[in-house]
Amino acid sequence: MSGQFALLKQRRFAPFFVTQFLGAFNDNLFKNALVVLLTFHAVQWTTLAPELLANLAAGIFILPFFLFSATAGQLADKYDKAVLARLVKVLEMGIMGVAALGFLMHSLSVLMVALFLLGCHSTLFGPVKYAILPQHLHADELVGGNALIEAGTFVAILIGTLAGGLLAGSFEHPVWIAGGGFLVALAGYLSSRGIPAAPAPVPALTVNLNPLTETWRNLRFARENRTVFLSILGISWFWLYGAMFLAQFPAYTKNVLGGGETMVTALLAAFTVGIGAGSLLCERMSGKHVEIGLVPFGSIGLTLFGLDLWLASPVGLVGTTAHQLSALLSLPAVWRVLFDIVMIGVFGGFFIVPLYALIQSRSETSHRARIIAANNILNALFMVVGALGAAAALGAGLSIPALFAIAALLNAAVAVYIYGLVPEFLLRFIAWLLVKAVYRLRSEGVEHIPLSGPALLVANHVSFADAVILMGASPRPIRFVMDHRIFRTPLLGFVFRHCGAIPIAPARDDPALLEKAFAEVAAALANGELVGIFPEGNITRDGELQPFRSGVARILAANPVPVVPMALSGLWGSFFSRIDGVAMKTPFRRGLFSRIGLRVGTPLAPDEATPATLHERVLALRGAVK
């Protein structure tokens with residue numbers, strides 16, 4: 001994982017990381033300090049019940065996300081994001097001044113205004129936070145950068161929450177809370193001055209101040225790309241799921257574990273450690289490219305460990321007084337609870353980091369910030385709906401462990417729904433499993449696959465798994481040209497159709513489909529996509545490389561694009577290959593979990609890429625291994 005941590009030494013990332021970390025820290029420092037203060041000293045400030053005040057504070061903080069996210073997205077597309085980050089930090093220092101005034105005046109109304117303004121600060125910074133990453137990071141750094149941002153954000157939330165509680169109870173006068181917040185904001189401003197310029201993609205944009213019409217417009221931008229929009233829904237679902245779990249920790253600790261404040265902190269720390277570890281592992285598990293195959297893996301873990309948390313929740317621990325943390329940690333049942341919470345965090349990292357990276361990489365540059373603003377609006381909406389749903393369920397008598405189980409089952413239902421609409425997630429998951437778990441893939445030269453623009457990928461055909469393995473190794477989606485008979489199978493046909501595969505048939509079987517296939521290939525290349533073909537026409541039956549057919553020449557005559565030769569090895573004689581003749585006496589010599597290879601050669605210019613030349617290149621790349 002050294003690659004992503006190296007970003008912390010880079011000026012193009014480190015100042016921004018520190019700025020966003022301190023912003024998240026300050027939000028939670030002030031918010032939790034205010035909640036603690038109003039919970040334990042409510043009579044000094046108001047006649048309202050502490051429970052109502054805590055929910056009122058949460059609602060006031062999240063309200064600006066509904067009101068101003070659309071405007072924030074426009075500003076981030078219109079102006080330099082580094083300049084906006086500095087202005088937001090200046091605003092944060094002013095907000096701490098308003099908070100200090102509220103403490104000095106002993107005015108709850110002024111403090112709530114400060115909390116509202118702090119929500120505005122987070123709203124304005126949200127589109128900057130995620131839209132700036134693709135401008136400063138290379139494509140192979142995007143996953144690692146997002147992982148650091150997510151891990152840092154949750155660590156900042158935890159530390160800020162703890163610091164806020166300590167500040168609320170450690171000083172005679174609460175104005176020190178605002179003083180501490182001002183120092184953090186000042187440190188954030190100083191770090192923001194080191195953020196490199198991030199020029200505006202649409203400087204001529206006219207800002208629409210109507211939140212309703214602009215919100216609808218941002219959602220329309222997001223819906224232009226179905227995968228991006230469903231990724232936004234997936235992120236919003238995760239925030240509903242995660243926020244619902246986090247919100248129940250205090251009551252779960254008191255009413256199920258029989259613990260006190262220190263046990264609540266232990267649960268929060270377990271979740272933070274988990275999501276930090278899961279986020280940071282994403283880069284290693286994805287091979288430094290946006291691997292959406294991790295998303296189904298994450299959703300599986302979220303469901304399984306959510307259900308196990310329900311099963312693991314102990315009965316009979318609640319007593320007349322709260323148990324000490326050391327006493328609870330002596331119980332195996334409590335360690336199982338902590339393990340489940342850590343793993344929910346780990347799989348949450350697997351789930352959310354690739355989705356953020358996907359949105360950044362596949363959104364149009366001209367309105368990327370506005371798409372992220374739409375994401376923030378939906379995140380806030382989902383969290384509010386989740387909080388209301390949880391409150392209603394608990395009010396109806398449902399236990400907290402049962403609520404966890406229902407949320408886990410709903411997570412499974414949401415996953416099935418999303419992956420049914422976009423099978424690309426599921427296919428990438430299968431490809432990832434094949435590459436990382438079922439086989440041990442050693443790849444060389446993957447960097448030769450262009451990160452943008454059209455290209456024709458040409459590979460030898462060794463097994464039925466070839467296309468899926470190449471998908472798992474490629475940093476970008478590939479539209480494969482496949483035998484039309486595959487599309488007749490119920491499951492594979494559904495998956496490959498929705499992943500953009502192009503069916504083809506020999507001229508003697510279906511000349512119309514053949515012509516349609518070449519037209520679709522031409523359209524895909526004209527649209528800047530990667531197209532993959534197996535010029536042998538069939539899976540090898542003896543392990544040898546068969547002559548390449550003339551389809552490559554016809555494709556390049558219509559679309560002169562770079563051609564990338566690729567060679568797979570180690571799959572012939574496996575479960576997925578065809579074996580004829582003498583080899584049938586020793587079928588399946590290569591079992592699961594064996595090592596397979598992929599070698600990618602340097603791209604050839606269109607005029608060099610004749611079938612004979614490509615055959616020689618692939619043969620040389622493959623070497624002696626079949």
Side-chain angles (χ1 to χ4, degrees), residues 226 420-424 426-428 430-431 454-471 474 476-568 571-572 576-581 606 609-615 618:
R226 192 184 196 194
L421 291 178
V422 185
E424 182 185 356
L426 186 58
L427 187 60
R428 292 289 302 195
I430 296 170
L456 186 66
L457 309 184
V458 173
N460 58 325
H461 209 358
V462 190
S463 74
F464 292 103
D466 293 349
V468 179
I469 289 172
L470 293 176
M471 282 182 174
S474 171
R476 292 172 58 194
I478 305 172
R479 294 191 63 182
F480 279 97
V481 180
M482 294 184 171
D483 190 295
H484 67 108
R485 287 167 291 191
I486 293 177
F487 290 79
R488 297 175 187 170
T489 58
L491 179 59
L492 286 178
F494 173 80
V495 171
F496 282 119
R497 269 195 305 273
H498 285 77
C499 287
I502 300 169
I504 194 168
R508 63 178 180 274
D509 292 346
D510 192 336
L513 184 58
L514 177 66
E515 295 303 316
K516 183 181 177 183
F518 279 112
E520 285 194 50
V521 168
L525 293 172
N527 197 38
E529 298 177 80
L530 295 180
V531 174
I533 63 171
F534 301 103
E536 293 170 273
N538 290 296
I539 295 173
T540 178
R541 294 179 179 272
D542 58 6
E544 299 300 329
L545 190 65
Q546 308 303 311
F548 283 7
R549 299 185 180 182
S550 59
V552 174
R554 178 174 174 181
I555 291 171
L556 294 177
N559 298 84
V561 298
V563 183
V564 182
M566 312 170 76
L568 285 161
L571 281 164
W572 186 74
F576 298 104
S577 68
R578 286 175 172 167
I579 304 176
D580 289 345
T610 64
T613 302
L614 285 170
H615 187 277
V618 172

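By convention here, the first residue in the shown sequence is residue 1. Since this is a predicted model, take the numbers as computed values, not measurements.
- From E515, atom CD reaches atom CD1 of I504 across 9.5 Å, with rounding to the nearest 0.5 Å.
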| request: Check the pair V462, I539 against side-chain contact (heavy atoms from CB on, under 4.5 Å), reporting the backbone distance first and the verdict last. | output: CA-CA 5 Å; V462 190; I539 295 173; 5.8 Å; no
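- Sequence neighbours left out, not one pair with a member in residues 501-523 passes ring pair (Phe, Tyr, Trp, His ring centres under 6.0 Å).
- Under a 3.5 Å cut-off, the side chain of T610 and the backbone N or O of T613 do form a donor-acceptor pair.
- Using a 4.5 Å cut-off on side-chain heavy atoms (C-beta onward), V564 and V458 make no contact.
- The two atoms that bring A505 and L513 nearest to each other are CB-CD2, 3.8 Å, heavy atoms only.
- Between A459 and P535, the shortest heavy-atom contact is O-CD, 3.4 Å.
- Take E536 and apply the salt bridge (charged side-chain N to carboxylate O under 4.0 Å, His left out) test, not counting sequence neighbours, and it matches no residue.
- Residues L457 and I533 form no side-chain contact, since every pair of their non-hydrogen atoms from C-beta on lies 4.5 Å or further apart.
- Put simply, the side chain of R549 reaches to within 4.5 Å of the side chain of N538, judged on heavy atoms.
- Of all non-hydrogen atoms in A524 and R479, the two that sit nearest each other are CB-NH1, 3.7 Å.
- The CD1 atom of I469 sits 11.0 Å away from atom CE of M566, with the distance rounded to the nearest 0.5 Å.
- Residues L470 and L568 form a side-chain contact, since some pair of their non-hydrogen atoms from C-beta on lies under 4.5 Å apart.
- Note: F480 and F534 have parallel aromatic rings, judged against thresholds of 30 and 60 degrees for the angle between ring planes.
- Nearest heavy-atom pair across P454 and P562 is O-CD, 3.7 Å.
- Screening L614, V552, N559 against L456 for a side chain to side chain contact (heavy atoms under 4.5 Å, CB included) leaves a single residue, V552.
- Shortest non-hydrogen contact noted between P547 and H615 is CA-CD2, 3.9 Å.
- When all heavy atoms of L556 and P606 are compared, the closest pair comes out as CD1-O, 3.8 Å.
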